[in-house]
A.B. asks: 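Starting off with a structure, shown below.
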Amino acid sequence: MELSTQYNAKEAEKNHYKRWEESGFFTPEINDDEDAETYSIVIPPPNVTGSLHMGHALQHTIMDVLARRKRMLGFRTLFLPGIDHAGISTQLMVTRQLKDEENKTPQDIGREAFTEKVWEWKHKYGGTILNQIRREGISVDWSREAFTMDENLSTAVRNVFVRLYEEGNIYRGARIVNWCPNDETVLSDLEVEDKEKKDGKLYYLQYPIKDGEQSSVSGEQSEDKGGNPTVMEGVGSVSSEQLAGSSGSEKAGRSPKVSEGVRYLTVATTRPETMLGDTAVAVNPNDERFKDLIGKTVELPLTNREIPIIADEYVDMEFGTGAVKITPAHDPNDYEMGLRHNLSQLNVMNLDGTMNHDAGEDFNGLDRYKGRKLVIEKFEELNLLEKIDDYEMVLPVCERCKTVIETLISEQWWVKMDEMRDMALELKRETDYPRFTPHNPHTKVYTDWLENLRDWTISRQLWWGHQIPAWYDEQGKVYVAKNREEAIKFAGTSKLTQDEDVLDTWFSSWLWSFSTLGWDGETVQSPRSKVQSQDENSSTLDFGLRTQDLNAFHPTNVIVTAREIIFLWVSRMVMAALKFVGERPFDDVYITGTVLDENGLRMSKSKGNGVDPLEVFDKYGVDATRMTLAGSATGANFAWRDEKVESYRNFANKIWNATRFCLMNAEGAKVDPGSIGICRNPHDSKGVIEDNYRNPHDSRAVIEDNCRNPNDSKGVVDGLPISDRWIISRLNKTAKHVNEALDKYAFHVAVDKLYHFFWDDFCDWYIELVKDEISSASNEQSAVSSKTEEKGGNPTVMEGTESSQIEARTRIITILEQSLRLLHPFMPYLTEELWQKLPNTNADLHNAAYRSADPTIMLADFPVGDESLIDEKAESEMQLIFELITKIRNIRAEMQIKPSDKISVHIAANDKIHKIFHENEAQILKLARANKIIIAGGLDVPDASAKGVLTNGAEIAIPLEGLIDFPKERERLQNQINKLVEEGERLSKQLSNENFVSKAPAEKVEAVRERVAEIETQTKTLNENLESLK
RNA sequence: GGGCAUAUAUGUCAAUUGGUAGACAGCCUCCCUUACAAGGAGGAAGUUGGAGGUUCGAGUCCUUCUAUGCCCACCA
């Protein structure tokens, strides 16, 4: 089979996804094993308006690695995809489109037509992100794809709403809320973000005190712009009319006539326009400056109102002037204080961010910022503006449109979270659930947040979303019901109008773990459920079917998401699942790090520094990208580097070429796990193999002969050459490590182990070691083999026949195939592409649960690593051989011996080492590019030789007649001696420390002693060598 | 203001329960050796942010300082 010399990722990507999907490999139904354990992950639904970014790619890779491995292990695996209707984002998107295309607003076309438009938009563009997700190669079950506005998910939402309402956990009430004047909707606290404003101002406003006395009571002595104490200047008196400011403009430029007797209370504010809604001024009760004022009133300028001066501990004496204007209708803290002091709430703003009628005639209809300007102008005219300070501050803005939000009082629907919060907290306390990876800092963040949880505003003034299932009769009485018919029944009239608002998008997402599995709330033990399910026959049927999913796959095993979603989603999912299905939504929570740009900055649209995963896929391939993401995923943030992907692209190419090499030398060979002692499913004793299919071409006979029971595996391997025992040991050890790592969500560890096993062990050493033996042009090689035999080489190699070559080929290709399986969860496309090309890869290699499926590596049994095949002796012996070869190469390089120059190598070693080297002489000769190797008890070489010593004390020498550069060789030896001496001194010092010897573990002390002894031997030998050169 | 994280080679990052620091990229030397130049062989490069402490032994544990980043709450 001819393969190109370079791996073409795009080609492989094109070849497999469709087939995987169409063959049903992604569905849990592919699993034939009735008793299989299940494994499930639901994907965090991306916004329907979204497009794929690196954060998604990272999460999806993590989830897919987990799912693919579990599937290969025989778990009945469900990885469920879906999207979120994303209320505000989508509505904004379609509103914009409507504006662009038809120059209309949603109001112009009305609610029904608008939502129709949104659905159209969804059908047309909503699939964009899903197609991008396909490209990632993730093994999600598209037949179960969910959308938060799907019928049954919507039913679930309504049922949950009704239930909470009936329990008294949902209520409607006017309270202070975050309001986006641009989107004209309420926002939950979590949808508000902070934005720094460096050029903010702090305005100091003077409020005249009724029945005022002598002097200003500003927190500090205030001065006007000319440096004069403002209050002292005051002459005359200010009438209420003047203070109301209605005629202020005609007095521009003049000092207000302020009587000497008037005192002022100065307040500081960043939002002067809200003063129009002030209903009190507050001071700290302990503040000596204002003690006498408590209980008095001030004349509120620009209005005709007189408001009280109250005392509240909340006021910070240090900040501003120590006196605070209180606007209960436009500030959360003031709102609270208003409740405490029974203050009236005066709303001075409209919902679009303009001032309203109650702000006064001059302000009515003005934009809030113009209102602010005007307030300041008027205060200036009245000479009541004490000063304006520059003030850096943080403004709350709408997460979506970045408009500065207003806080105002509005009638909304709320969920009381107390009961659900307590359920979640109790579970956390008692069982430390959920288990976060990484454990820090998320566990604490989660708990702290829950402890301070407040009621959740769930209504949104939008049209796109789940309309609130509440109806009002003509008297305005509310009926919460599953549907209109039921509401009519409750109300006794059909003259009902449904609440205009929709629910917060998260009110559907928090049900995601179970609503996607078919739960629609009909099973809730509520009085209405039975009646309803009879009404809707079809949904009852669906319900039955889907309940199977719920039973099988809920709780899900793990949720993988970003840390900013912990509050929005993770914690709410915990609460919802506990509350509505009485169980946990998932076992583990894996929080990924953030992918940053190459400068370590957050990627963002506004900065334009985002890296588009699709471009990276095009450039380096999906598999290389997945390796990069998985290889970096420790939960820590990491800076994106193209170089990193490039190295995994190279790795993919390495795998491609290693396979290419094996295939070039595969004649007569076939993949056969038994040949390397790997038992087919050790846990597969239910006779699935026997019953399924038998045909003369399958290799099962061989496999079964080799491996009737797991205990035989060792027997198969015992007779093999050391290089095979070594690589088999490495393979199994790697498999073990990979599994352990993935069980702990240590993806980068798994990637690292796989990378080095494949590249270093398999390619750099194993292929080179067996190259001659398996190579097609093996005639001359077998000559080398037989030479080895004569010297008493390994009996297995001795056969030197065609059949031994085929066996060797079978082994290497089997080891390769096992490696591909291990790599598959990370690099699905490449591994499938190659697996399909290997000889004799068929469904028989599948995990027992999938024997009837079409052949695919996706369903192959995932290697778990067989302890009995881990051979430490073989590994350490091979290590000696590698050290020898490396040493010789090192000498060659440093003495600048040309690759084409053959050398002879003399080795002085003890019997044991002697034997090992002797048995592997052929490989040593080849890999060290030597033509002769002489192993003896001692060295008998000319002085003109380069020398070295191995860790175990064995000496090597390479005669270099006439070629040796004595000074250079002396320098080389001296360097080696220096390094050893340094290490030796350090260790000797340790040994001379009595405390170390007595307190450190005996093994540790012994190890140091051995090392010191080694160093002594090596140093001694090197010194002798050095002497002989003088 | 509160909480948390990070600081290791030139860069990006690793390093089980404390045992004396590794990978990849880059750099230097040599090699287009018939799987792969997206390759092979060899090599140089780190007082683990600073200062104390615990310990026989600290990148790892404790204290403190410095720098950076994130989250939460927000003083009007």
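Any value given below was found using the heavy atoms of this structure, including those in side chains, with hydrogens, waters and symmetry copies removed. We name chains A, B, ... by the order of the sequence lines, and we start the count at 1 in each one.
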A.B. asks: In whole angstrom, give the distance that lies between atom CG of A:Leu453 and atom P of B:C71.
C.D. replies: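 The answer, rounded to whole Å, is 19 Å.
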A.B. asks: Please determine whether a side-chain nitrogen or oxygen atom of A:Lys1004 lies at a distance below 4.0 Å from atom OP1 or OP2 of B:U20.
C.D. replies: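 Yes.
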A.B. asks: Do you know which two heavy atoms are closest between A:Lys654 and A:Cys763, and how far apart they sit?
C.D. replies: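 Looks like CE-CB, 3.7 Å.
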A.B. asks: Could you pull out the closest heavy-atom pair between A:Phe651 and A:Leu754, with the gap in Å?
C.D. replies: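 In terms of heavy atoms, the two residues are closest at CZ-O, 4.1 Å.
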A.B. asks: Would you mind telling me which residue lines up with the more 5' stretch of RNA chain B, A:Asn993 or A:Thr886, judged by nearest nucleotide?
C.D. replies: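 Its nucleotide being nearer the 5' end, the pick is A:Thr886.
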A.B. asks: Which part of the nucleic acid, if any, lies within reach of A:Arg892 when heavy atoms closer than 4.0 Å are counted: base, sugar-phosphate only, or nothing?
C.D. replies: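 Answer is nothing: A:Arg892 stays at 4.0 Å or more from every strand.
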A.B. asks: Ignoring backbone atoms, test whether A:Lys979 places a side-chain nitrogen or oxygen under 4.0 Å from the OP1 or OP2 oxygen of B:A44.
C.D. replies: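 A:Lys979 to B:A44 OP1/OP2: side-chain N or O found under 4.0 Å.
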A.B. asks: Show the nearest heavy-atom pair for residues A:Ala750 and A:Phe826, with the distance to one decimal.
C.D. replies: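 Reported closest heavy-atom pair: CB-CZ, 3.8 Å.
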A.B. asks: Would a 4.5 Å heavy-atom cut-off, applied to side chains only, mark A:Ser571 and A:Trp449 as touching?
C.D. replies: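 Yes. Closest side-chain heavy atoms under 4.5 Å.
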A.B. asks: Is there, by distance only and without an angle test, a donor paired with an acceptor across the side chain of A:Glu768 and the base of B:A35 below 3.5 Å?
C.D. replies: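 Checked by distance alone, the answer is yes.
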A.B. asks: Figure out the CG/P separation between A:Asp752 and B:C24, and round it to whole Å.
C.D. replies: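 Going from A:Asp752 (CG) to B:C24 (P), I get 9 Å.
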A.B. asks: Could you identify the nucleotide paired to B:A44, looking across every strand shown and requiring Watson-Crick or G-U wobble geometry with both distances under 3.5 Å?
C.D. replies: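 Partner of B:A44: none found under 3.5 Å.
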A.B. asks: Does the side chain of A:His748 get closer than 4.0 angstrom to OP1 or OP2 of B:A15 through an N or O atom?
C.D. replies: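 Yes, A:His748 has a side-chain N/O under 4.0 Å of OP1/OP2 on B:A15.
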A.B. asks: Within this structure, what is the NZ-to-C1' distance between A:Lys753 and B:C24, rounded to whole angstrom?
C.D. replies: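 Computing the A:Lys753:NZ to B:C24:C1' distance gives 16 Å.
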A.B. asks: Is the shortest heavy-atom distance from the side chain of A:Leu596 to the side chain of A:Met603 under 4.5 Å?
C.D. replies: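 No, too far: nothing below the 4.5 Å cut-off.
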A.B. asks: Measure the distance from CD on A:Glu982 to C1' on B:G46 and round it to the nearest whole Å.
C.D. replies: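 Atom-to-atom, A:Glu982 to B:G46, this comes out as 14 Å.
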A.B. asks: For B:G69, which nucleotide in any strand shown is its Watson-Crick or wobble partner with both distances under 3.5 Å?
C.D. replies: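 Paired with B:G69, as far as the under-3.5 Å criterion goes, is B:C4.
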A.B. asks: For A:Thr5 and A:Arg986, take the nucleotide of RNA chain B holding the closest heavy atom to each; which residue's nucleotide lies nearer the 5' end?
C.D. replies: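 Nearest nucleotide further toward 5': that of A:Arg986.
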A.B. asks: Without decimals, in angstroms, what is the distance between A:Tyr648 OH and B:A14 P?
C.D. replies: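 After rounding, the gap between these two atoms is 12 Å.
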A.B. asks: Is the phosphate of B:G39, meaning OP1 or OP2, less than 4.0 Å from a side-chain N or O of A:Asn657?
C.D. replies: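 No.
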A.B. asks: Between A:Arg809 (CZ) and B:A35 (C1'), how many Å, whole number?
C.D. replies: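 Rounded to whole Å, this separation is 14 Å.
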A.B. asks: Hunt down the Watson-Crick or G-U wobble partner of B:C24, both distances under 3.5 Å, from any strand shown, or write none.
C.D. replies: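 By the stated definition (distances under 3.5 Å), B:G11 pairs with B:C24.
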A.B. asks: Whole angstrom is fine here: how far is it from CD in A:Glu643 over to P in B:G11?
C.D. replies: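 Value for this atom pair: 13 Å.
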A.B. asks: So, does A:Lys654 get its side chain near the phosphate of B:A35, meaning an N or O under 4.0 Å from OP1 or OP2?
C.D. replies: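 Result: no.
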A.B. asks: Would you mind reading off the distance between A:Lys887 atom NZ and B:G43 atom P, rounded to a whole angstrom?
C.D. replies: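 Roughly 8 Å, once rounded to whole Å.
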